[in-house]
Student: 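Have a look at this one before I ask anything.
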There are 2 protein chains.
Amino acid sequence: MKSKQVNGTAVDLGTEAKIKEAAKKVFLKKGYDGTKTRDIADEAGVNLALVNYYFRSKEKLFNEVFDESAFAVARAINSIFDSDLPLEVKIYKLTEQFTELFLGQPDIPLFTVYEANRNADKMYEQVGLKDRTKSGIFEKQLEDEAAKGNIRPITRMHLEIVLVGLLSFPFMSRPVLAVNGIAGKEAFEKFVREHQKIVPEMVMTYLRKLD
Amino acid sequence: MKSKQVNGTAVDLGTEAKIKEAAKKVFLKKGYDGTKTRDIADEAGVNLALVNYYFRSKEKLFNEVFDESAFAVARAINSIFDSDLPLEVKIYKLTEQFTELFLGQPDIPLFTVYEANRNADKMYEQVGLKDRTKSGIFEKQLEDEAAKGNIRPITRMHLEIVLVGLLSFPFMSRPVLAVNGIAGKEAFEKFVREHQKIVPEMVMTYLRKLD
DNA sequence: ATAAATTTTAAATTTTTGTTTAAAACACTT
DNA sequence: AAGTGTTTTAAACAAAAATTTAAAATTTAT
């Protein structure tokens, strides 16, 4: 018997899924180097040996977790940017999506960025190839809008870094916010919502100002 | 004999300083959990036992390194914001200072943010108290300018997160940039300079647009 | 120049940690 | 119910790593 459903909620996920869940939680919080295999087993409430029984090694398990996390972010960006919505809508949509994604899993931004840097080489092979959508839709849109004089000229990469940076940074700054009086889940969420209201407006105001 | 000076450059820093230098380099690159005491000793070209001889423990050494790094960032922010320059000048100045600081030590942003999160509690005690300048100059300036109708109302914390996020994020994104064709030191520096030209203009444009 | 203090070294010790093993418990089929 | 395959467990193992030790080398002070 693999898993069981009791009334609404999935109570027994099955051991493998339970380990994966626990791994996600611990890796996201402590990073690869900071995570002990025993932490994962404990968090899952499961015997230590089962981690390797189901996933062969700490590293293999980590890779699964990282790929999902990085892919969630990449997909959010690409599915929006490479659609055919107006530029302004894309920017507001990305803001909304990231806000919800990160409020649900506040460790994603720092985890993804940190682990991508920890082994930048592996990144290149692993994500680099998988993610090369290369639709070019967004690049073209930016060029067209600039040509029409609707926005300043800007590359996709510059705009992406600006947007993702703005949307991610508050979630990397909780300790700083805490020291400055913005402590606790409620205060933090309030700050984030205010911040994410600023972001698209700031970006659009900048793009629209032609000099 | 503690240290020696040969012609212009300091050649022999003394063992303790050599270890600290090495620790800075390795910790900044690999983080606390990813750093082995042996990495530091090797990098310093020094016997393993000397690390603990001079610094008692890996953790104590790390704390010194972290404090300096975090303090460099905090000082850069506060010395500018709590001066009595016009708002626009402050924003351009912070941009310049951060750009130079981070181009010289590109690991500072991610290191600082990551390690601050790794042990947020300790942060509160350690940095929290030391750094409470609380001059209030900047807050007052923002309120005054908003009251005069020169800028939109915004809190110091919101503006700080926007600015520091924008200025830091490119340095956390090297692997992503590399995958997108911006690889190598020169290309990266070029991208950063373009980016840091956008930042203050974007922030000022936003602040100045009154609706 | 000698003694005391300091610094450095190689090796040992102790913890921590990822992984493996072998047996036990369990589940499923016939 | 016996047999077969799968899952779980406690314990062992081996490698990595932080820290300590005790002696050797070096420096400093007298």
Side-chain angles (χ1 to χ4, degrees), chain A residues 1-6 10-67 111 114-115 118-119 122, chain B residues 1-6 10-67 111 114-115 118-119 122:
Chain A
M1 186 183 304
K2 261 294 155 85
S3 78
K4 224 181 266 184
Q5 297 272 343
V6 178
V11 162
D12 183 358
L13 290 174
T15 307
E16 186 171 347
K18 230 160 32 176
I19 293 170
K20 183 91 157 274
E21 284 296 302
K24 199 175 297 188
K25 184 165 173 186
V26 180
F27 276 136
L28 279 177
K29 178 147 211 121
K30 307 213 204 184
Y32 180 81
D33 289 321
T35 296
K36 319 301 165 206
T37 310
R38 282 167 180 81
D39 297 341
I40 296 172
D42 291 352
E43 175 71 36
V46 126
N47 185 282
L48 172 63
L50 291 177
V51 175
N52 278 349
Y53 176 77
Y54 282 106
F55 295 95
R56 308 285 303 168
S57 73
K58 178 190 174 187
E59 202 181 349
K60 292 235 174 61
L61 176 52
F62 172 82
N63 285 337
E64 290 194 23
V65 170
F66 177 80
D67 285 355
F111 170 77
Y114 189 79
E115 297 299 337
R118 193 173 57 83
N119 204 327
K122 203 180 291 175
Chain B
M1 183 183 307
K2 262 291 155 84
S3 78
K4 225 181 265 184
Q5 297 272 344
V6 178
V11 163
D12 183 358
L13 289 174
T15 307
E16 185 170 348
K18 231 161 30 177
I19 293 171
K20 183 93 156 274
E21 283 296 302
K24 200 176 296 188
K25 185 165 173 186
V26 180
F27 276 136
L28 279 184
K29 179 149 211 118
K30 307 212 205 185
Y32 180 82
D33 290 319
T35 296
K36 320 298 167 207
T37 310
R38 281 167 180 80
D39 297 342
I40 297 172
D42 291 352
E43 175 71 36
V46 126
N47 185 283
L48 172 63
L50 291 177
V51 175
N52 277 351
Y53 176 76
Y54 282 106
F55 295 93
R56 306 285 303 168
S57 74
K58 179 189 173 186
E59 201 181 351
K60 293 235 174 61
L61 175 53
F62 173 82
N63 285 337
E64 290 195 23
V65 170
F66 177 80
D67 284 356
F111 170 77
Y114 189 78
E115 298 299 337
R118 192 172 58 83
N119 204 328
K122 203 180 291 173

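Bear in mind that the values here come from a model prediction, so they are computed numbers and not experimental data. Values below: all heavy atoms of this structure, side chains included; hydrogens, waters and symmetry mates excluded. Below, chain A is the first sequence line, B the second, and so on; all start at residue 1.
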Student: Rounding to an integer number of Å, can you tell me how far Lys60(A) NZ sits from dT20(C) C1'?
Tutor: 15 Å

Student: Sequence neighbours left out, what passes side-chain contact (heavy atoms from CB on, under 4.5 Å) with Ala23(B)? Give chain and number order.
Tutor: Phe27(B), Ile40(B), Leu61(B), Val65(B)

Student: Among pairs that include at least one residue of residues 46-62 of chain B, which meet salt bridge (charged side-chain N to carboxylate O under 4.0 Å, His left out), considering only residues two or more places apart or in two chains?
Tutor: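 Non-adjacent pairs meeting salt bridge (charged side-chain N to carboxylate O under 4.0 Å, His left out): Glu59(B)-Lys122(B).
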
Student: Within the structure, does a side-chain N or O atom of Thr15(B) lie under 4.0 Å from either OP1 or OP2 of dT7(C)?
Tutor: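 Answer is no, no contact under 4.0 Å.
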
Student: So if I take residues 39-47 of chain A and measure heavy-atom distances to DNA chain D, which residues fall below 4.0 Å?
Tutor: Asn47(A)

Student: So how far is it from Asp33(A) CG to Tyr114(A) OH, rounded to the nearest 0.5 Å?
Tutor: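 Reported to 0.5 Å precision, the distance equals 6.5 Å.
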
Student: Can you check side-chain contact (heavy atoms from CB on, under 4.5 Å) on Phe111(B) and Phe66(B), steps first, answer last?
Tutor: CA-CA 9 Å; Phe111(B) 170 77; Phe66(B) 177 80; 3.9 Å; yes

Student: Take the protein atom CD1 of Ile19(A) and the nucleotide atom P of dT7(D), then report the distance between them rounded to whole Å.
Tutor: 11 Å

Student: Between Glu115(A) and Arg118(A), does any NZ, NE, NH1 or NH2 come within less than 4.0 Å of an OD or OE carboxylate oxygen?
Tutor: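 Yes, this pair counts.
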
Student: If the condition is side-chain contact (heavy atoms from CB on, under 4.5 Å), which residues does Asn47(A) pass it with, not counting sequence neighbours?
Tutor: Ala49(A), Leu50(A)

Student: Kindly state each residue pair satisfying side-chain hydrogen bond (donor to acceptor under 3.5 Å, both in side chains) with at least one member in residues 22-32 of chain A, sequence neighbours excluded.
Tutor: Lys24(A)-Glu68(A), Lys25(A)-Glu43(A)

Student: Is any side-chain heavy atom of Tyr54(B) closer than 4.5 Å to a side-chain heavy atom of Lys20(B)?
Tutor: no

Student: Quickly work out the Phe55(A) CZ to dT19(C) P distance and round it to whole Å.
Tutor: 13 Å

Student: Go along nucleotides 12-22 of chain D 5' to 3' and tag each nucleotide: B for a protein heavy atom under 4.0 Å from its base, S when only backbone or sugar atoms are that close, - otherwise.
Tutor: -----BBBBB-

